[in-house]
There are 2 protein chains.
Amino acid sequence: MPNRNRRFDRPRNFVYTVNMSQLQGRILSCALDLYLEKGIHGLSMRQIAAKLDISATAIYRHYRNKQELVDTIVAEAVKIFAGYLFSALSGQTAEERFRMCNQAYLDFALGQEKYYEVIFLEPHGQGADAPEESQQKGLANFQFLVDRVQECVDSGYLRKANPRSLALSIWAHNLGLMALFFSGKWAMDEAAFRKFYWESQERFLHGLCD
Amino acid sequence: MPNRNRRFDRPRNFVYTVNMSQLQGRILSCALDLYLEKGIHGLSMRQIAAKLDISATAIYRHYRNKQELVDTIVAEAVKIFAGYLFSALSGQTAEERFRMCNQAYLDFALGQEKYYEVIFLEPHGQGADAPEESQQKGLANFQFLVDRVQECVDSGYLRKANPRSLALSIWAHNLGLMALFFSGKWAMDEAAFRKFYWESQERFLHGLCD
DNA sequence: GTCTATAGGTGGATAGAC
DNA sequence: GTCTATCCACCTATAGAC
């Protein structure tokens, strides 16, 4: 007979993020560290337990299994990223909202480094086999950029072009810049990187040739 | 007493790549597949053995341990990439050599997909804890691009700027484009991607704004 | 150079006591 | 909701026969 006392037997949409300072949240945070360090196959319930000084089985009161733990991390990451992007809507003009979109991406990457890695640098990005729901929300985040680009094409700030294709180029450029930074092979601290980031954006906006 | 018959008791620089159709090479190729699929913690000697229909211990006659297997994969990948880049030297002008450098990157990514992934898309790229030797050769490959950029700044084709910084922007853009393609989330076949790749390069060269 | 047998370890997950 | 005890699968690597 199943134990009816488990967290996941409660209603589906209950908000657990609220009490993150308790065990639930500490498990998640610890799992995140291990997941980024060693990937899904290197992450183990026993190691999480050891780090938190609890027994491995305690974790199963909070997460059905290892996969649910990882899925929760990915869902959380996508949600937080969406929050950052959303702030760009406060810009007054299309151009400003576009610029703020890049700013949000940069701030998310540097301010929520671990969640950024989960979404954009893991196995092959965006949790390749994440649950449908997270995949959808990930695409919605990209669509947000497409919409900002569309506005800028309409306003005449950006050259006329397919907004989706343009957005993909911009997305790729951002993706690559962050991958460079997080690889840690370029001896740049955060301040130096922020400077380089905007230089590179400027180059992209106005071209490499005369 | 150690068995003196092992591959790695032979001279260090012996070229094994020659006879890749034999077991040695088949192990490497199979390990590469599993490594890309599941990462280093998901790769197992037993699974390699099962796929090749040999016993797991047979592998140890060819590779000292799991780490040496992975290191060999990374070293091979870096060497092959260098070969692609090198072909760009046949260009007649600085501008042509620069363009051929992008071409080589694209051809390597699409023609040696698996080796590309090992270098640029793995855990955090370029085998974060690869042996010193591979790390050095990886940096040399980047320096090759810096040199091509330098030539183009000198010839006046590219705007005056720090060549290293310029090369980093270009490297990032390429990195991001490939990451998009390999993520498989954008419903592009290889032909469509090649088209998009050059479109995006063109945008980068001449800017997004008027 | 390949095998079988085996040592010694880590891991996911469950049952049932408290 | 946390624990201990436990099952069973899987892992790396070695020893020694052939």
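To find a chain, count down the sequence lines: A is the first, B the second, and so on, and within it residues start at 1.
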Salt-bridge present (A/Glu151, A/Arg148; N to O < 4.0 Å): yes
Residues A/Glu76 and A/Lys79 bridged, charged N to O under 4.0 Å: yes
What's the closest nucleotide to the [X] side chain, out of [options]?
X       : options                : value
B/His62 : C/dT2, D/dA15, D/dC3   : C/dT2
B/Gln47 : D/dC11, C/dG1, D/dT2   : D/dC11
A/Ser44 : D/dA13, C/dG12, D/dC11 : C/dG12
B/Tyr60 : D/dA13, D/dG1, C/dC3   : D/dA13
A/Lys66 : C/dT2, C/dA13, D/dC11  : C/dA13
A/Arg61 : D/dA13, D/dT4, D/dG1   : D/dG1

Separation of [X] atom [atom1] from [N] atom [atom2], in whole Å?
X       : N      : atom1 : atom2 : answer
B/Arg26 : C/dT2  : CZ    : C1'   : 13 Å
B/Tyr63 : C/dT2  : OH    : C1'   : 16 Å
B/Leu34 : D/dC11 : CG    : P     : 10 Å
A/His41 : C/dG12 : NE2   : P     : 11 Å
A/Ile27 : C/dG12 : CD1   : P     : 14 Å
B/Ile59 : C/dT4  : CD1   : P     : 14 Å
B/Leu23 : C/dC3  : CG    : P     : 9 Å
B/Met45 : D/dA13 : CE    : P     : 6 Å

Close side-chain approach of B/Phe120 to B/Tyr105, heavy-atom, < 4.5 Å: yes
Side-chain touch A/Leu52/A/Ile59, heavy atoms, less than 4.5 angstrom: no
Summary of salt bridge (charged side-chain N to carboxylate O under 4.0 Å, His left out) pairs that have at least one residue in residues 37-58 of chain A, sequence neighbours excluded: none
Sugar-phosphate, base or nothing in reach of A/Leu43, heavy atoms under 4.0 Å: sugar-phosphate
Earlier contact from the 5' end, DNA chain D, for A/Arg46 and A/Ala58: A/Ala58
B/Thr57 (side chain) and C/dT2 (base): donor-acceptor pair under 3.5 Å: no
